[in-house]
Amino acid sequence: MLAHAREEDPRECVGLLLGGGSVAELALPLENVSQTPRSAYRVDPRRLLKALRQADDAGLEVLAVYHSHPGGPALPSVRDRTEAVWDTLYVIIGGATGEVRVFRLPQGEEVELDVCE
Ligand SMILES: [Zn+2]
């Protein structure tokens, strides 16, 4: 996940954290198809559906959606809150600080998540 964020910099990266229970076992990178990838992320709905099927086939649950803020803080932006439509956790990687923080959106409540590298 962190490697993905570094690879995509200065674009925002996006992907899913898959696992069982509360432990993330696998980061599944997705393509950011946003028109403004330096300040937003968007996933092709068909690609997302395929990713969800892959997770299901592997017996894994989607624990979180992750994305990065290259050069920005690991805090949800206004856009992140308004566009948070999935009932899952949101992991944000702050490029400026190298921090990884997890939020329940759109509420903005921060939560703890174990990430195995
Ligand atoms: Zn964001």
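Along the sequence shown, residues are numbered consecutively beginning with 1. Atoms within a ligand are numbered from 1 in the order they appear, just like the ligands themselves.
When side chains are defined from C-beta on, R81 counts as touching L105, because their heavy atoms get closer than 4.5 Å.
Of the angles at the Zn ion (ligand 1), the one spanning NE2 of H67 and NE2 of H69 is 100° when given to 10°.
Proximity of a side-chain donor or acceptor of D9 to a complementary backbone N or O of P70 within less than 3.5 Å is not detected.
Not one N, O or S atom of E12 sits under 2.8 Å from the Zn ion (ligand 1).
Put simply, W86 and L60 are part of the same group of oily side chains (I, L, V, M, F, W, Y) that touch within less than 4.5 Å, one to the next. Tracing side-chain contacts under 4.5 Å through hydrophobic residues (I, L, V, M, F, W, Y), one never reaches V78 starting from V65; they form parts of separate clusters.
Taking the Zn ion (ligand 1) as reference, the nearest N/O/S atom within D80 carries the name OD2.
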